[in-house]
Amino acid sequence: MTGNKGEWSELYTLFKLAADGKLYAADADTHKIENIYYDILKIIRNQKDDNWQYIRNGNIKIVSESTGDEIAIIPIAEFQKNAELLLSSIKGVTSKDGSFEVPVIENFISKIKCSTTKAKSTDKADITLVVHDFKTGIEPTLGFSIKSQLGSPSTLLNASAATNFIYELKGHVLSDEEKDTFHRFRLFKDKFNYLDSIATGIEFIKLDSDVFNSNLTLVDTQMPNIIAYMLENFYRGKANKVTELTELCIAENVCNVDENNKAVFYPYKIKELMTDIALGMMPASHWNGNYEATGGYIIVKEDGDVLCYHIYNRNEFREYLYSNTRFETPSKTKHHFGIIEETDGKQILKLNLQIRFLK
């Protein structure tokens with residue numbers, strides 16, 4: 001079995017939570033909140049051949065979800081030992097992105113019936129937990145998305161053709177020679193400086209994807225315009241952090257809201273969008289407002305601690321997403337953007353949205 005640091009972190013989360021039996025909440029700075037935690041009763045992991053239940057009952061009992069058959073009983077100490085071995089192996093790899101094997105835990109992986117390092121890419125929930133909710137006394141089944149700080153920063157929103165925003169060039173009509181000059185610049189900041197020098201601006205028209213447009217307007221009818229403004233400023237080189245780009249929205253007041261309310265309006269809307277993306281919304285799939293990751297986020301910290309954000313600390317989760325993300329430039333050729341095109345008698349430019357965590 002091979003995987004990169006982020007993928008191995010999903011398996012580490014299984015080992016760690018099975019061993020500890022508790023999942024603690026995090027504050028906005030990913031510090032543990034000692035008095036907010038869940039007692040873990042059962043971990044459910046989707047595999048290619050079956051879904052396995054890892055039930056804590058003094059040991060870890062592994063049960064087939066489809067048949068109810070008991071597969072094995074493993075001492076908790078083995079999960080603790082292999083969690084430490086896996087963490088040490090992940091930290092020992094110098095490459096942040098490349099795939100690697102972890103031979104030292106191969107026998108244990110086979111023993112506990114793990115066939116993959118990570119969940120299916122179509123799932124927002126990477127791991128499912130049955131927990132005891134100490135505040136209500138109930139035992140809900142919660143799906144969590146796992147984000148690891150052990151490797152390269154994870155993406156919150158992956159780039160695709162669906163995340164292209166379309167702008168019309170306004171002012172001066174570019175000649176073929178001027179378009180060639182624009183395309184020769186490597187940095188988008190230089191591309192926009194050139195457009196400014198020839199009295200050409202851009203104006204947002206629409207998204208490439210009607211589906212993503214529908215999803216954004218479900219959050220707020222002005223959300224496409226807000227993100228389009230932030231995206232233009234990012235590619236102009238004015239800022240890349242979500243907090244800084246939101247501050248530019250406040251200064252410009254792009255939605256023309258009440259001046260006394262703008263400092264609250266834009267951060268609130270962006271935090272809502274970030275939460276929706278984190279827990280359910282995908283650009284290329286129609287979204288009905290329901291969350292798939294019903295538990296929230298699990299963060300694997302650099303020191304190996306595993307913490308979560310959930311409904312009890314929703315404000316901390318929103319602040320974490322808002323304060324720890326940035327826009328970035330994905331592959332121009334892969335997603336077909338950054339080129340001046342002619343369509344319906346107009347010159348257009350596509351800019352692509354991708355959001356990544358800072359750490």
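Source: prediction; values computed, not measured. Numbering of residues begins at 1 and proceeds along the displayed sequence.
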Under the side-chain hydrogen bond (donor to acceptor under 3.5 Å, both in side chains) criterion, do Q354 and E328 qualify, and how do the steps go?
CA-CA 6 Å; Q354 179 160 288; E328 73 168 7; 2.4 Å; yes
Does K179 qualify as a cation-pi partner of F182, given the criterion of NZ or CZ under 6.0 Å from the six-membered ring centre and within 45 degrees of its axis?
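No; the conditions do not both hold, so K179 does not lie above the ring face of F182.
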Starting at CG of D305, measure out to CD1 of I299 and round the result to the nearest 0.5 Å.
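It is 11.5 Å, given to the nearest 0.5 Å.
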Quick check for you: to the nearest 0.5 Å, what is the distance between M274 atom CE and E319 atom CD?
10.5 Å
Is the number of heavy atoms from other residues, nucleotides or ligands within 6.0 Å of NE2 (H286) greater than 12?
no
Donor-acceptor pairs under 3.5 angstrom involving side-chain atoms of residues 343-351: please list them, not counting sequence neighbours.
| unit_1 | atom_1 | unit_2 | atom_2 | d |
| --- | --- | --- | --- | --- |
| Q347 | OE1 | L174 | N | 3.0 |
| Q347 | NE2 | L174 | O | 2.9 |
| Q347 | NE2 | E342 | OE2 | 2.9 |
| K350 | NZ | D208 | OD2 | 3.0 |

Got a salt bridge between [X] and [Y], using NZ or NE/NH1/NH2 to carboxylate O under 4.0 Å?
X    : Y    : value
D20  : K16  : yes
K262 : E259 : yes
E84  : K91  : no

Common cluster, I43/F15, ILVMFWY with side-chain heavy-atom separation under 4.5 Å
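Yes, I43 and F15 fall within the same hydrophobic cluster.
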For [X] and [Y], indicate whether the former's side chain and the latter's backbone hold a donor-acceptor pair under 3.5 Å.
X    : Y    : answer
Y54  : I112 : yes
N261 : F265 : no
D29  : H31  : no

Summary of side-chain hydrogen bond (donor to acceptor under 3.5 Å, both in side chains) pairs that have at least one residue in residues 213-222, sequence neighbours excluded:
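Checked against side-chain hydrogen bond (donor to acceptor under 3.5 Å, both in side chains) - neighbours excluded - the pairs reaching residues 213-222 are D220-K269, Q222-N225.
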Check step by step if side-chain contact (heavy atoms from CB on, under 4.5 Å) holds for I60 and I76.
CA-CA 6 Å; I60 303 295; I76 288 175; 3.9 Å; yes
